[in-house]
Undergrad: 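My questions will all concern the structure given below.
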Amino acid sequence: MREKSQLMILIEVTALIAMEVVLSRFCSITTPLMKISVAFIPLSISAMLFGPAWAGVTGGVADFVGAILFPVGPYFPGFTLSNALYGVVLGLFLHRREVKWWHITLAVAINHLVLGVFLQSLWLHMLYGSPYLSLLPLRLAQGCLLTPIQIGVIYLMLSPVQRFARATRIGGAW
């Protein structure tokens, strides 16, 4: 069986982008300072199947399209950058390898406890003028709440995504 063509990969990434937009905008709890969502699922799948570059594209494009089509507040490119970086980090740890618990834990922890706490707080400070140091405890609490949930969900998705990758010839090392 041949490897998938770039066109097929682009089509599948586009479907994952659409899923992330819907999950992010319609299946989430959003406040000006916090967002709880399951939109990490299509981003994680993109990272597992296609790697850091495609996962970064998935995250960045999904955030941009969602912000333009279904705005929650003013568009701010920092959030788009953060979402792209989330995908890149997931792709670095979850693509083309035998994924262990610590890969998933490290990827999610970096996303939540580094990018989520420090970078998202910076964007919120720049956008709304909220004091940066007062945002950190709220972002840290959100990260501590969501980190174990995301680790568990990604771990549960791992086997089905790997089977799909083997069946469709994506992610050659599996």
Undergrad: Minimum heavy-atom separation for Leu92 and Pro52, please, with both atom names.
TA: CD2-CG, 3.8 Å
Undergrad: Quick one, Val114 with Leu119, criterion side chain to side chain contact (heavy atoms under 4.5 Å, CB included). Give me CA distance, side-chain angles, the key distance, then yes/no.
TA: CA-CA 7 Å; Val114 176; Leu119 199 56; over 6 Å; no
Undergrad: List the atom of Leu127, the atom of Pro74, and the distance in Å for their closest heavy-atom pair.
TA: CD1-CG, 4.0 Å
Undergrad: Using 0.5 Å steps for rounding, measure from the CD1 atom of Ile110 to the OH atom of Tyr86.
TA: 12.5 Å
Undergrad: Only distances under 3.5 Å count here; give the side-chain donor-acceptor pairs of residues 56-67 to other protein atoms, sequence neighbours excluded, each with its distance to 0.1 Å.
TA:
residue : atom : partner : partner atom : Å
Thr58   : OG1  : Ser46   : OG           : 2.8
Thr58   : OG1  : Trp54   : O            : 2.8
Asp63   : OD2  : Thr80   : N            : 3.2
Asp63   : OD2  : Thr80   : OG1          : 2.6

Undergrad: Can you tell me how far the CG atom of Leu140 sits from the CG atom of Leu135, to the nearest 0.5 Å?
TA: 12.5 Å
Undergrad: Decide yes or no for Phe79 and Asn83: does some side-chain heavy atom of the first lie under 4.5 Å from some side-chain heavy atom of the second?
TA: no
Undergrad: If we only count heavy atoms from C-beta on, is the Val21 to Leu69 side-chain gap below 4.5 Å?
TA: no
Undergrad: What closest approach, in Å, do Ala47 and Gly87 show between heavy atoms, and which atom pair accounts for it?
TA: CB-O, 4.1 Å
Undergrad: Using the test side chain to side chain contact (heavy atoms under 4.5 Å, CB included), find all partners of Pro71 that sit at least two apart in sequence or belong to another chain.
TA: none
Undergrad: Side-chain heavy atoms nearer than 4.5 Å, only ILVMFWY residues, links allowed to pass through others: does that put Trp101 and Leu113 together?
TA: yes
Undergrad: List for me each residue that meets side chain to side chain contact (heavy atoms under 4.5 Å, CB included) alongside Leu23, sequence neighbours excluded, and say none if there are none.
TA: Cys27, Val38, Ala39, Pro42
Undergrad: Taking side chain to side chain donor-acceptor pair (under 3.5 Å) as the definition, give me every residue that meets it alongside Ser28, ordered by chain and number, with sequence neighbours left out.
TA: Thr30
Undergrad: Report the residues that fulfil side chain to side chain contact (heavy atoms under 4.5 Å, CB included) with Leu136, sequence neighbours left out, ordered by chain and then residue number.
TA: Val117, Phe118, Ser121, Tyr132, Leu133
Undergrad: Counting only pairs under 3.5 Å, give me each side-chain donor-acceptor contact of residues 148-160, with atom names and distances, residues two or more places apart or in other chains.
TA:
residue : atom : partner : partner atom : Å
Gln150  : OE1  : His112  : NE2          : 3.1
Gln150  : NE2  : His112  : NE2          : 3.2
Ser159  : OG   : Arg163  : NH1          : 2.9

Undergrad: When rounded to the nearest 0.5 angstrom, what distance separates CG in Leu49 from CD in Gln162?
TA: 9.5 Å
Undergrad: With Ser82, which residues qualify under side chain to side chain donor-acceptor pair (under 3.5 Å), at least two apart?
TA: Gln120, Trp123
Undergrad: Enter the distance from Thr147:OG1 to Asn111:CG here, rounded to the nearest 0.5 Å.
TA: 9.0 Å
Undergrad: Is there a donor-acceptor pair closer than 3.5 Å between any side-chain N or O of His103 and the backbone N or O of Leu94?
TA: no
Undergrad: Please name all residues satisfying ring-ring contact (aromatic ring centres under 6.0 Å, His included) with Phe26, sequence neighbours left out, ordered by chain then number.
TA: Phe70
Undergrad: Nearest 0.5 angstrom please: Ser37 OG to Glu20 CD, how far?
TA: 7.5 Å
Undergrad: Return the CE to CG distance between Met19 and Leu16, rounded to the nearest 0.5 Å.
TA: 4.5 Å
Undergrad: With Ser24, which residues qualify under side chain to side chain donor-acceptor pair (under 3.5 Å), at least two apart?
TA: Lys35
Undergrad: Apply side chain to side chain contact (heavy atoms under 4.5 Å, CB included) to residues His95 and Met48 and explain how you reach the verdict.
TA: CA-CA 5 Å; His95 182 63; Met48 287 184 236; 6.0 Å; no
Undergrad: Show the nearest heavy-atom pair for residues Ser44 and Leu90, with the distance to one decimal.
TA: OG-CD1, 3.7 Å
